[in-house]
> 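There's a structure below that I have some questions on.
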Amino acid sequence: MHSAKELLLKKRDGMALSDDEIAAFVDGVCDLSVTDAQIAAFAMATWFRGMSSSEQRALTLAMRDSGQVLDWPELGGPVLDKHSTGGVGDMVSLILAPVMAACGAFVPMISGRGLGHTGGTLDKLASIPGLETALGIETFQRVVCREGLAIVGQTAELVPADRRLYAVRDVTATVSSVPLIVSSILSKKLAEGLDGLVLDIKFGSGAVLTDPNEAHRLAREICRISKSAGVPARALVTDMDEPLAWSAGNALEIRETIRFLSGEARNPRLAEVAVELCIEMLQLGGLAQSPQDARSRVDDALDSGRAAERFAAMVCAQGGPAGLVDDPEAHLPVARVIRPVPSREEGYIQHIDTRAAGMTVVRLGGGRERAEDSVDPAVGLSRLAGTGQRVGPDRPLAVVHAADEATFEQAAAMLQAAFSIGPEPPASRPVIRGKVVLEESDEPTR
């Protein structure tokens, strides 16, 4: 038997933990023999002392195995998924999953709800009337097998250790610990029974990580640990110093997703990130032989309408309306107050405080500061101006969708303060800042 106190002493003093010690600790987290105080001590010691690749792998696998691990029948295609570290106007998952399903992959995506300034995929889907994201495992797998994709919330059977660990991390200022981020992300993804994983690791004013070097480090570490656990992974490092799309807010992002999939309108920054992640995923799953082949397949899935069809099929399979894609306005909620917000001065947008833009959505009621907060699906921002765009009296910063006049005024003031305006357009910045594709020599040592 390995006592929690002995393990904490070793980690406090910077000593490496064995696989058995880590597995015993995770077992104690699940059976409640390890206290919240001990979990807090473990999290803080890990924050200060870090973990070796071997320790991170052991923690990831122990957390994965704390609950059910999905197993898939012969599907005729690879089982693939994607994870993002979160941002503002990030609806990539809603685009990528149907594109990949249209290309022959199976995507069992387990997502989360938004907290703070970053939006959550489940909240966006919950704005669709009748759509259910709390599917049992059998129903979840049945929808994936039949439609090629499903996007649901984490069930009680999957990675129960992570729920307790994260709850303690959230109140002990240890959420930013890279080893704990790696194990939290990967344990849930590995429990899906994947053949491959792609990651979108964001940095900037609207991301959890503000430093691009930290984002590159996290991307490489997740790919290394995932590979050592038997699931090949690739990552993009992307810029979140401005919202990724024209919309931020749950029903508004569903509208933009439908416009994107149907070909009506595609934000260039959103398209670049979504398409590049699809390209990496197709190659990782053996569905394309080169980047050029992958891009051709993605373009065909979008332009033929097959990706939009897969999105519509998923919505119906999860209880949503059959006519959503054909007529979203007939089904999605609409805010009571919808008005543009003018810029306080004329000129070119130099910088956007993207976190502040995200918190504007929260102030409107479209996000949550605490896990128990309710969300208004209709509110948010649309027609968001981007860096380098000219704004002025007749060229607004965005359109605010609010529940009432008071919250509109508050949101308008917050949004105006989030934009920096100058007389000349700034230098353009690429949205994709790096890629992590491991070579054989990058395998972590044990």
Side-chain angles (χ1 to χ4, degrees), residues 80-97 99-100 103 118-119 121 181 185 196-224 226 232-248 253 256-257 260 265-285 288 290-299 301-302 307 349 351-352 354-355 357-358 384 386-389 425-439 442:
L80 306 170
D81 197 7
K82 164 257 180 189
H83 177 80
S84 168
T85 51
V88 178
D90 180 5
M91 58 199 78
V92 170
S93 291
L94 299 173
I95 294 166
L96 175 144
V99 168
M100 293 304 302
C103 291
T118 61
T121 299
I181 292 173
I185 291 171
L197 173 67
V198 297
L199 302 126
D200 180 8
I201 308 299
K202 298 181 179 298
F203 71 91
S205 64
V208 175
L209 300 173
T210 57
D211 183 353
N213 294 324
E214 281 295 302
H216 278 86
R217 176 189 167 210
L218 177 60
R220 189 168 186 82
E221 199 62 25
I222 293 178
C223 288
R224 282 166 56 87
S226 184
R234 297 182 179 187
L236 297 182
V237 177
T238 63
D239 184 306
M240 188 40 73
D241 263 333
E242 65 178 285
L244 188 59
W246 291 314
S247 308
E253 291 188 50
E256 186 166 346
T257 295
F260 188 106
R266 291 172 183 162
N267 181 295
R269 295 179 81 251
L270 175 64
E272 184 172 356
V273 173
V275 169
E276 287 299 323
L277 285 166
C278 287
I279 288 171
E280 294 301 323
M281 188 178 274
L282 286 169
Q283 294 178 92
L284 195 60
S290 67
Q292 296 76 19
D293 178 29
R295 183 175 294 275
S296 175
R297 292 173 185 269
V298 172
D299 289 344
L302 286 168
I349 297 172
H351 174 71
I352 303 171
T354 310
R355 186 183 187 280
L384 272 161
T387 303
Q389 187 170 328
S428 62
R429 300 192 314 269
V431 63
I432 297 175
R433 299 298 188 88
K435 182 190 299 185
V436 175
V437 179
L438 297 184
E439 305 296 335
D442 290 314

> Could you check whether S84 and K202, counting side-chain N and O atoms only, form a donor-acceptor pair closer than 3.5 Å?
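Their side chains do not contain a donor-acceptor pair, so the 3.5 Å distance test is not met.
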
> What pair of heavy atoms forms the shortest contact from D239 to P430, and how long is it?
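Heavy-atom minimum between the residues: CB-O, 3.9 Å.
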
> Please find the pair of heavy atoms, one from L277 and one from L199, that lie closest to each other, and give the distance.
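Looking at all heavy atoms of both residues, the closest pair is CD2-O, 3.7 Å.
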
> Do the side chains of E272 and R269 get close enough for a salt bridge, i.e. N-O under 4.0 angstrom?
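Answer for the salt bridge query: no.
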
> Going through the distances and angles, do L218 and L209 end up as a side-chain contact (heavy atoms from CB on, under 4.5 Å)?
CA-CA 9 Å; L218 177 60; L209 300 173; 3.7 Å; yes

> Using 0.5 Å steps for rounding, measure from the CG atom of L80 to the CG atom of L282.
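Output value for this atom pair is 8.0 Å.
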
> Given the rule in the side-chain contact (heavy atoms from CB on, under 4.5 Å) test, do V298 and R295 qualify, once you have shown the distances and angles that lead to the verdict?
CA-CA 5 Å; V298 172; R295 183 175 294 275; 5.7 Å; no

> Should D293 and R297 count as an ion pair when the cut-off is N to O under 4.0 Å?
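A salt bridge is present here (some side-chain N lies under 4.0 Å from a carboxylate O).
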
> Which value, rounded to the nearest 0.5 Å, describes the distance between M91 atom CE and E253 atom CD?
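Result: 4.0 Å between the selected atoms.
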
> Are any of the side-chain heavy atoms of L270 and I95 separated by less than 4.5 Å?
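Yes, side chains in contact.
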
> State whether the side chain of S296 and the backbone N or O of Q292 hold a donor-acceptor pair below 3.5 Å, judged by distance alone.
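The answer is no, because no donor-acceptor pair under 3.5 Å joins these two groups.
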
> Okay, side chain of Q283, backbone of A294: is any donor-acceptor separation there less than 3.5 Å?
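No, the answer is negative, given that no donor and acceptor are paired below the 3.5 Å cut-off.
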
> How long is the span from the CE atom in M281 to the CG atom in L284, to the nearest 0.5 Å?
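Going from CE on M281 over to CG on L284, the span is 8.0 Å.
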
> Whether the side chain of E256 engages the backbone of S247 through a donor-acceptor N/O pair (distance < 3.5 Å, no angle test) should be reported.
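Pair found, side chain donor or acceptor close to backbone of S247.
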
> Checking I222 against V436 for the side-chain contact (heavy atoms from CB on, under 4.5 Å) test, could you report, in this order, the C-alpha distance in whole Å, the side-chain angles of both residues, the deciding distance, and whether it holds?
CA-CA 10 Å; I222 293 178; V436 175; over 6 Å; no

> What distance separates I185 CD1 from H83 NE2, expressed to the nearest 0.5 Å?
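Reported to 0.5 Å precision, the distance equals 3.5 Å.
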
> Report the C-alpha distance between F203 and N213 in whole Å, list the side-chain angles of each, state the deciding distance to 0.1 Å, and finish with yes or no for side-chain contact (heavy atoms from CB on, under 4.5 Å).
CA-CA 9 Å; F203 71 91; N213 294 324; over 6 Å; no

> Of the non-hydrogen atoms in V88 and A248, which two are nearest, and what is the gap between them?
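Looks like CG1-CB, 3.9 Å.
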
> So, does T354 use its side chain to make a donor-acceptor pair with the main chain of D241 at under 3.5 Å?
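Present.
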
> Return the minimal non-hydrogen interatomic distance between G388 and P426, and the atom names on each side.
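Looking at all heavy atoms of both residues, the closest pair is CA-CD, 3.7 Å.
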
> Can you confirm whether E280 sits close enough to V437 that some side-chain heavy atom of one is under 4.5 Å from a side-chain heavy atom of the other?
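Heavy-atom side-chain distance check passes, below 4.5 Å.
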
> What do you reckon, is CZ of R433 surrounded by more than 12 foreign heavy atoms closer than 6.0 Å?
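Correct, the count exceeds 12.
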
> With a 3.5 Å distance limit and no angle check, can you tell me whether R234 reaches the backbone of V198 through a side-chain donor-acceptor pair?
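Side chain of R234 to backbone of V198: no pair is present.
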
> Is P212 close to V237 at the side-chain level, that is, under 4.5 Å between some pair of heavy atoms?
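No. Closest side-chain heavy atoms not under 4.5 Å.
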
> Any chance you could measure M240, atom CE, to I201, atom CD1, to the nearest 0.5 Å?
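Taking CE in M240 and CD1 in I201, the distance rounds to 12.0 Å.
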
> Output the distance between atom CD (E276) and atom CG (D200), rounded to the nearest 0.5 Å.
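The CG atom of D200 is 11.5 Å from CD of E276, to the nearest 0.5 Å.
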
> Hey, are the side chains of L438 and R220 touching, using non-hydrogen atoms and a 4.5 Å cut-off?
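Of all side-chain heavy-atom pairs linking R220 with L438, at least one is under 4.5 Å.
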
> Locate the shortest heavy-atom distance separating A245 from G89; write the atom from each residue and the value.
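That closest heavy-atom pairing would be CB-O, 3.3 Å.
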
